[in-house]
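Heads up, the thing below is written out as structure tokens.
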Number of protein chains: 2
Amino acid sequence: MPNESKVTTRLADVAREAGVSPSTASRVLNGSARQVADEYRERVLAAAERVGYTTNLAAQATARGRYPAIALVVGDIRDQFFARIAFGAVREAARRGYVLNLLSTEGDTDRERGLVHDLRRQRPEALVLVRKRDTTPMAGSKLMQELMGFERESGRVVIVGEPSEPVLAIRPPDFDGAKDLATAMLGLGYRDFAVFLSDPKVPSARDRLDGFRAGLSAGGVALPDSRVYPTEQSFLGGASSAAEYLADGRDTELIFCTEDEVALGAIHHLRSEGYDVPGELAFAGYGRRRQNPFGEDDWLTTVRSPLEEMGAAAVDAALGPAYGSVPASVAEVHIGGSTPGRAADDGPEKPSGNASRKSRSARRARA
Amino acid sequence: MPNESKVTTRLADVAREAGVSPSTASRVLNGSARQVADEYRERVLAAAERVGYTTNLAAQATARGRYPAIALVVGDIRDQFFARIAFGAVREAARRGYVLNLLSTEGDTDRERGLVHDLRRQRPEALVLVRKRDTTPMAGSKLMQELMGFERESGRVVIVGEPSEPVLAIRPPDFDGAKDLATAMLGLGYRDFAVFLSDPKVPSARDRLDGFRAGLSAGGVALPDSRVYPTEQSFLGGASSAAEYLADGRDTELIFCTEDEVALGAIHHLRSEGYDVPGELAFAGYGRRRQNPFGEDDWLTTVRSPLEEMGAAAVDAALGPAYGSVPASVAEVHIGGSTPGRAADDGPEKPSGNASRKSRSARRARA
DNA sequence: TTGAAAGCGGTACCAC
DNA sequence: GTGGTACCGCTTTCAA
């Protein structure tokens with residue numbers, strides 16, 4: 001039993017030490033309305049300092065009827081997606097003086113429900129549930145019922161990463177991010193695009209495609225379906241799509257991959273086939289991997305999802321008074337060496353189908 | 001105020017519903033010694049189910065004088081090192097029915113102290129502080145004082161990742177892991193080694209070097225200092241050490257890099273210079289990156305630090321009764337394609353200094 | 001403004 | 001075994 005004889009000073013100790021009543025001590029140490037005489041106030045503060053007092057959160061919670069905690073339920077904290085969101089949430093929770101409880105479903109969708117249920121005993125003020133948009137939807141599921149139960153008896157529920165009707169949701173700005181990227185690429189002089197669409201079934205990937213297309217349309221450039229290559233979401237997937245692309249004899253200027261990993265795989269493949277990237281073919285990704293196998297960080301042009309911001313926004317939304325007042329977090333386009341600017345007056349300069357110039361080291365060019 | 005009128009059923013409700021006293025209800029619902037008649041027990045259980053009762057943890061905590069929570073303080077949860085440890089800790093805490101509070105120092109060593117101080121109001125039963133072994137030591141620091149204060153008044157403190165005298169610490173088995181790797185490499189027939197030592201100042205890197213050396217010694221193979229290349233801990237660092245290595249005209253059989261990232265950079269460089277890896281030169285790393293730029297997961301021979309296990313062990317140590325009874329977590333050597341087995345009877349076959357065979361696609365060879 | 005006293009939701013010691 | 005009751009540490013009416 002770890003609880004042998006831990007000594008903690010209580011509010012009563014402070015009160016006695018200061019020569020005031022517990023009520024007064026409570027008021028100056030934790031109360032909201034500052035209605036204590038300055039002299040008493042200082043006496044209490046000094047006493048508290050002297051005896052090393054810290055509020056007992058649990059006791060305060062029983063008395064007040066609410067515990068200043070917020071529960072964060074993620075799939076797998078080792079996953080960058082979850083980790084970045086958690087980072088933002090932790091930071092925001094701390095800023096507000098809230099305790100953050102971390103729970104992990106470890107990918108088990110069933111566990112989600114059990115966790116939400118167990119969670120109730122902590123009576124946190126809010127629950128932030130982070131879901132990857134490729135996990136099974138929660139429609140009218142048991143989980144949803146549990147969530148609504150939680151909302152009724154405990155506090156607010158916010159879902160991050162998935163639209164989910166009855167509950168407040170925070171979603172990554174995939175559409176807008178891709179649209180901004182498209183605009184930026186047009187600005188650099190590109191006019192001829194192809195897209196490697198990593199897993200068309202994933203909603204966020206589709207959003208990125210749609211957004212990219214919308215951005216191009218706005219600039220008067222069309223993206224026919226024949227230029228969209230469905231791809232497996234991985235390095236290898238990118239490589240094989242690149243092979244497919246070459247086999248098609250395509251000659252676009254830039255390939256937008258809806259996932260950085262895919263872009264890196266494709267680039268790797270093209271380079272090993274002797275192509276000059278970005279000289280002959282430029283690349284843009286999505287997701288903002290800071291490092292890449294080519295040894296130059298931030299070299300790949302990409303879009304960074306504001307995951308940390310979303311985590312913070314979720315906490316904000318969960319704790320804030322206004323239900324819909326979530327500050328829109330915006331994606332950030334990063335222009336790297338993989339998309340050098342093109343002289344705008346150049347006609348579409350077709351690379352010869354089987355170029356042979358070898359260039360294995362990453363370009364240092366910056367936009 | 002999110003706390004409008006949340007309705008929660010209390011223990012008293014259950015008791016009334018079951019027609020027993022609160023004491024009895026408490027005993028069956030939360031008590032340890034099972035000293036309640038079966039009939040009553042079932043009545044209470046049924047009643048609890050009916051009214052949807054869940055224990056109010058905060059109230060229970062004030063009554064019991066202890067809150068079943070454990071605080072986990074990490075630097076940056078987005079970092080794989082912290083994330084994997086956190087994963088293990090979360091899992092173990094959940095298994096024990098403990099709440100896990102996640103705190104982040106965001107790299108600010110000063111904040112560590114403030115956090116530990118603030119933490120006290122939660123009165124968690126234990127505190128697990130995760131530190132990268134390259135952060136500033138905590139000798140007789142203020143932080144350490146705060147920690148000992150915590151240990152006195154709240155609960156046990158466990159440090160992960162750094163040896164720290166007065167407090168219980170859990171460290172990665174860097175030495176043993178590297179030693180096991182050396183043994184395995186000897187077993188594959190390698191006899192001639194070099195080491196890329198990423199940042200000699202980092203203790204874990206040194207441990208890995210020492211362990212590797214120890215493993216070799218045990219097999220009768222020496223590793224002279226001239227074969228140890230101090231390297232910056234990054235992809236680029238690996239690449240430039242490889243260049244340095246080539247300039248030295250070395251002809252070892254295998255290079256052990258104390259960090260996977262370094263190995264990948266070195267391999268990348270050697271291949272782009274036309275060398276055949278692992279044909280001419282084998283590579284082993286440390287850290288177990290699952291993916292690599294060469295597109296084949298788990299291709300690199302490496303050692304996986306049992307970070308998740310360490311996280312769990314930390315919780316175990318913090319909550320368990322015996323102070324020193326931490327189950328030793330052991331590193332796991334992973335043999336991949338980067339270290340093909342050598343025929344044991346082969347003499348040291350020297351690769352010509354400037355081999356030219358190009359081979360850019362990853363070898364599929366498996367040990 | 002200040003302090004006395006009655007809770008908050010549970011627990012646990014104590015007689016019956 | 002079971003229920004009465006004091007109490008955990010803090011908050012908050014309410015009267016002075």
Side-chain angles (χ1 to χ4, degrees), chain A residues 1 3 5-44 47-48 51-68 120-125 153-154, chain B residues 1 3 5-44 47-48 51-68 120-125 153-154:
Chain A
M1 282 92 222
N3 192 37
S5 59
K6 304 296 181 186
V7 272
T8 325
T9 47
R10 296 152 305 167
L11 187 58
D13 299 328
V14 177
R16 187 172 346 98
E17 176 81 9
V20 300
S21 73
S23 323
T24 302
S26 171
R27 283 191 269 258
V28 17
L29 258 16
N30 309 304
S32 47
R34 43 179 57 239
Q35 45 206 359
V36 175
D38 281 358
E39 195 204 318
Y40 279 35
R41 161 174 303 280
E42 276 160 32
R43 283 232 301 266
V44 171
V51 300
Y53 172 80
T54 40
T55 306
N56 180 325
L57 215 47
Q60 190 173 64
T62 40
R64 291 228 245 248
R66 60 193 206 86
Y67 195 82
R120 291 170 42 199
R121 55 183 205 143
Q122 297 178 227
R123 309 277 194 283
E125 281 183 34
E153 103 174 1
S154 252
Chain B
M1 281 94 216
N3 192 36
S5 60
K6 305 298 182 183
V7 273
T8 326
T9 47
R10 297 151 304 170
L11 187 58
D13 299 329
V14 178
R16 188 172 346 99
E17 176 81 11
V20 300
S21 74
S23 320
T24 301
S26 173
R27 282 191 272 259
V28 18
L29 259 17
N30 308 306
S32 47
R34 42 178 58 243
Q35 47 205 359
V36 176
D38 282 357
E39 195 203 319
Y40 278 35
R41 161 175 303 281
E42 278 161 31
R43 283 231 300 266
V44 170
V51 300
Y53 172 79
T54 39
T55 307
N56 180 325
L57 214 47
Q60 189 174 65
T62 41
R64 294 228 244 246
R66 60 192 206 85
Y67 195 83
R120 293 170 39 201
R121 52 184 250 244
Q122 297 178 227
R123 310 275 194 281
E125 282 184 33
E153 105 173 358
S154 252

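Remember, predicted model here, so these are calculated numbers, not experimental data. Residue numbers start from 1 in every chain, and the chains themselves are labelled A, B, ... in the order their sequence lines are given, proteins ahead of strands.
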Next item on the list: List for me each residue that meets side-chain contact (heavy atoms from CB on, under 4.5 Å) alongside Ala48(A), sequence neighbours excluded, and say none if there are none.
Entry: Val14(A), Leu29(A), Tyr53(A)
Margin query: Can you work out whether Ala63(B) or Thr62(A) has the more 5'-proximal nearest nucleotide on DNA chain C?
Written below: Thr62(A)
Notebook entry, point to check: For Asn30(A) and dC10(D), what is the distance between atoms CG and C1' respectively, to the nearest whole Å?
Noted result: 8 Å
Margin query: Without decimals, in angstroms, what is the distance between Arg64(B) CZ and dG9(D) P?
Written below: 15 Å
Check: Glu42(B): what forms a side-chain hydrogen bond (donor to acceptor under 3.5 Å, both in side chains) with it, not counting sequence neighbours?
Finding: none
Check: Between dG1(D) atom C1' and Asp38(B) atom CG, what is the distance in whole Å?
Finding: 12 Å
Item checked: Spacing of CZ belonging to Arg43(A) relative to CG belonging to Asp38(A), to within rounding of 0.5 Å -> 12.5 Å
Next item on the list: Would you mind reading off the distance between Arg123(B) atom CZ and dC8(D) atom P, rounded to a whole angstrom?
Entry: 15 Å
Check: Can you list the residues that meet the side-chain hydrogen bond (donor to acceptor under 3.5 Å, both in side chains) rule with Ser21(A), with sequence neighbours excluded?
Finding: Thr24(A)
Check: 5' to 3' on DNA chain C, which nucleotides open and close the contacts with chain B (atom under 4.0 Å from a heavy atom)?
Finding: dG9(C) to dC13(C)
Checklist line | Distance, rounded to the nearest Å, where Leu11(A) contributes CG and dC8(D) contributes C1' | finding: 13 Å
Notebook entry, point to check: Heavy atoms under 4.0 Å, any strand shown: does Tyr67(A) hit a base, just sugar-phosphate, or nothing?
Noted result: nothing
Checklist line | Contact residues, residues 14-23 of chain B to DNA chain C [heavy atom, < 4.0 Å] | finding: Ser23(B)
Checklist line | salt bridge (Lys or Arg N to Asp or Glu O under 4.0 Å) partners of Arg121(A), counting only residues at least two apart | finding: none
Margin query: Could you work out how much the helix from dT1(C)-dA16(D) to dC16(C)-dG1(D) bends, comparing the axis of its first five pairs with that of its last five, to 10°?
Written below: 40°
Checklist line | Least distance between heavy atoms, Tyr67(B) atom then Gln122(B) atom | finding: CB-O, 4.1 Å
Margin query: Please report the distance, rounded to the nearest Å, between OH in Tyr53(A) and P in dG9(D).
Written below: 10 Å
Check: Between Leu57(B) (CG) and dC8(D) (P), how many Å, whole number?
Finding: 20 Å
Checklist line | Under the side-chain contact (heavy atoms from CB on, under 4.5 Å) test, residues paired with Ala15(B) that sit two or more places apart | finding: Val20(B), Pro22(B), Ala25(B)
Next item on the list: Can you sort out the partners of Thr54(B) under side-chain hydrogen bond (donor to acceptor under 3.5 Å, both in side chains), two or more places apart, ordered by chain and number?
Entry: Arg123(A)
Checklist line | Residue-phosphate contact under 4.0 Å: Thr24(B) side-chain N/O, dT2(D) OP1/OP2 | finding: no
Notebook entry, point to check: Could you state the interatomic distance from CG (Leu57(B)) to OG1 (Thr62(A)), rounded to the nearest 0.5 Å?
Noted result: 11.5 Å
Next item on the list: Find the distance Gln60(A):CD to dC10(D):C1' and express it as a whole number of Å.
Entry: 7 Å
Check: For the atom pair CZ (Arg16(A)) and CG (Leu11(A)), what is the distance rounded to the nearest 0.5 Å?
Finding: 11.0 Å
Notebook entry, point to check: Who are the side-chain hydrogen bond (donor to acceptor under 3.5 Å, both in side chains) partners of Gln60(A), not counting sequence neighbours?
Noted result: none
